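Worksheet for the structure shown next.
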Amino acid sequence: MAGISNAQVHEVREITRIERIGAHSHIRGLGLDDSLEPRKISQGMVGQLQARRAAGVVLGIIREGKIAGRAVLLAGQPGTGKTAIAMGMSQALGTEAPFVCMAGSEIYSLEMSKTEALTQAIRKSIGVRIKEETEIIEGEVVEVQVDRPATGVGVKIGKLTLKTTEMETIYDLGNKMIESLMKEKVQAGDVITIDKATGKISRLGRSFTRARDYDATGPQTRFVQCPEGELQKRKEVVHTVSLHEIDVINSRTHGFLALFSGDTGEIKSEVRDQINAKVSEWREEGKAEIVPGVLFIDEVHMLDIECFSFLNRALEDEMAPVVITATNRGITRIRGTSYSSPHGIPLDLLDRMIIIPTIPYTEQELKEILKIRCQEEDCEISDDALIILTRIASETSLRYAIQLITTASLVSRRRKSTEVSTEDIKRVYYLFLDEHRSTQFLKDYQDEYLYDQGANGQVTETPEMEVCQ
Ligand SMILES: Nc1ncnc2c1ncn2[C@@H]1O[C@H](COP(=O)(O)OP(=O)(O)OP(=O)(O)O)[C@@H](O)[C@H]1O
Ligand SMILES: [Mg+2]
């Protein structure tokens, strides 16, 4: 088994190598210690201590998996790390429970009703852990003996001798088993498992006792211990699938292939009712467990009043996930109404939420975040340049400063330097405008733009407009 897990770790490493550097790829967790206290800088996370501690508590709720339908709102100014904290939670949760991310505006672009899109997102965030017990035979092959009929045609018969450290047994082989043994190229010294129900044979590797058998060893050969105890074993296999996956597989109109294309369309409510009934039956029989996960809705103010009231109701369901939302809006209009409310979220939903505020960063924290981003992008930067970049981050925005790292690093590489200097930062600062300077630029030259509404909202005619007509 050790051989197998090593091989898996190796595979994962290869996948991460081709991962691209994204806006939050430096975040590897929430950076909390065992007692949920946030460390100042850890796992790519800097500062924002209160919010991270609160997120850690929410993570505890999710891990326990007992409380359904809680809603959390991360609220704060742009660039204060709301999405970053949600990503940290997702990393910290690992593969224990599903974590589904969506942006509020996504529900408008899908080819289905808004409530269907939300229902699918909710059901994607609920996992069902299904346990299956299978009987297997596991042992080291001592001998495979196959008797072929003299004519070359007809039924083959044979014997397979398997052993563990404690026992040895001879099994009679039928035609089918012989064929699968041949297909797997099983030979003496291999450690194999045979699934009793399906007859499937898997090779785990070669036994250590045969390590000196050079003939049968290739560069890929994996060595494993000879199994202990009985030859026949019961093995528990656990799969975790989401409720949505079960829905799609059982929906007659789509079939499981739709899972790969993502083009699942709307799913009938009868299918969902049947699945719910089946899953609760499995739960009662102890065959399955529900693993409530997380649905993260970023930019939640983009949802409209219908979605909000749907969420109100959905949160009260017994099978609801923990819904984490984030917004950077203040008091603003609720989409689909003419009423205003804090964060653009109706008061009745807001009342059901616990709110985690995020606050602007200090200059020192900005510096640490920028330093981490430089490491993430493999960019060497001089101390002076980092100080200037920090100043830019505090006077414009953190995101703008992060963008300058990539561009400045390109500029420095062009002059064949390995380190970004203050000159490089200055150069890209003038090449690329931040939001504030761009607005100023527009104000200065607004008369020369097309369809400009000017300061008083009136369209000023430009010669180009006449050309268009
Ligand atoms: N505490 C932090 N530690 C490390 N990196 C951070 C932290 N906070 C923010 N960042 C990084 O800064 C950038 C901006 O943060 P983020 O996208 O999380 O902001 P936001 O609060 O979601 O903003 P918006 O409201 O505009 O969506 C991201 O690249 C993010 O990874
Ligand atoms: Mg965000």
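Ligands are counted one by one from 1 in listed order, and the atoms in each one are counted from 1 as well. A quick note: this is a predicted structure, and the numbers were derived from the prediction, not measured. Below, all heavy atoms of this structure are taken into account, side chains as well, without hydrogens, waters or symmetry copies.
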Return the residue, atom name and 0.1 Å-rounded distance of the protein heavy atom closest to [atom].
atom: atom 26 (O) of ligand 1; value: Arg399 NH1, 3.0 Å
atom: atom 13 (C) of ligand 1; value: Ile402 CD1, 3.9 Å
atom: atom 22 (O) of ligand 1; value: Thr83 OG1, 2.6 Å
atom: atom 9 (C) of ligand 1; value: Gly81 CA, 3.5 Å
atom: atom 3 (N) of ligand 1; value: Val46 N, 3.0 Å
atom: atom 10 (N) of ligand 1; value: Ala84 CB, 4.1 Å
atom: atom 8 (N) of ligand 1; value: Tyr361 OH, 2.6 Å
atom: atom 29 (O) of ligand 1; value: Ala23 O, 2.8 Å

Worksheet item: With only distance considered, is Asn328 within less than 3.5 Å of ligand 1 through an N or O on each side?
Response: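 Yes, Asn328 has an N/O under 3.5 Å of an N/O on ligand 1.
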Practice prompt. Using a strict 4.0 Å threshold on nitrogen-to-oxygen distance, state whether Arg272 and Glu116 make a salt bridge.
Written response: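 A salt bridge links Arg272 with Glu116.
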Worksheet item: Any Lys/Arg nitrogen of Lys114 or Asp304 sitting under 4.0 Å from an Asp/Glu carboxylate oxygen of the other?
Response: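 Yes, this pair counts.
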Practice prompt. Answer with yes or no whether Glu299 contacts ligand 1, where contact means a heavy atom under 4.0 Å from a ligand atom.
Written response: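 The answer is yes: ligand 1 sits under 4.0 Å from a heavy atom of Glu299.
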Practice prompt. Please state whether Gly44 comes within less than 4.0 angstrom of ligand 1, counting heavy atoms only.
Written response: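 Yes, Gly44 has heavy atoms under 4.0 Å from ligand 1.
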Indicate whether the side chain of [X] and that of [Y] have a donor and an acceptor atom separated by less than 3.5 Å.
X: Glu377; Y: His26; result: no
X: Thr396; Y: Glu435; result: no
X: Gln274; Y: Glu270; result: no
X: Thr327; Y: His343; result: no

Discussion item. Under the salt bridge (Lys or Arg N to Asp or Glu O under 4.0 Å) test against Glu138, which residue among Lys233, Arg234, Arg203 passes?
Written reply: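 When salt bridge (Lys or Arg N to Asp or Glu O under 4.0 Å) is applied between Glu138 and each of Lys233, Arg234, Arg203, only Lys233 qualifies.
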Worksheet item: Is it the side chain (CB and beyond), the backbone, both or neither of His26 that lies under 4.0 Å from ligand 1, heavy atoms counted?
Response: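 The answer is the side chain of His26.
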Discussion item. Checking contacts here: is it the side chain or the backbone of Leu398 that comes within 4.0 Å of ligand 1, counting heavy atoms only? Could be both or neither.
Written reply: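 Side chain only; the backbone of Leu398 stays clear of ligand 1.
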Discussion item. With a cut-off of 2.8 Å, does Thr83 put an N/O/S atom close enough to the Mg ion (ligand 2)?
Written reply: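 Given the 2.8 Å cut-off, Thr83 counts as a ligand of the Mg ion (ligand 2).
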Worksheet item: Taking the six-membered ring of Tyr108, is NZ or CZ of Arg335 closer than 6.0 Å to its centre and within 45° of its axis?
Response: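 Satisfied, under 6.0 Å and within 45°.
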Fill in: Arg427 charged N/C atom sitting above Phe432 aromatic ring, 6.0 Å / 45°
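Verdict for Phe432: no cation-pi partner in Arg427.
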Worksheet item: Of all residues at least two apart in sequence or in a different chain, which pass the salt bridge (charged side-chain N to carboxylate O under 4.0 Å, His left out) check with Glu423?
Response: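 Partners of Glu423 under the salt bridge (charged side-chain N to carboxylate O under 4.0 Å, His left out) test: Lys426.
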Item to complete: Heavy-atom contacts with Pro78 under 4.0 Å: which atoms of ligand 1 show up? List them by number with element.
Response: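 Atoms satisfying the 4.0 Å criterion: 23 (O), 24 (P), 25 (O), 26 (O).
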Worksheet item: Numbering the atoms of ligand 1 from 1, which are under 4.0 Å from a heavy atom of Met45?
Response: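 It comes down to these atoms of ligand 1: 1 (N), 2 (C), 3 (N).
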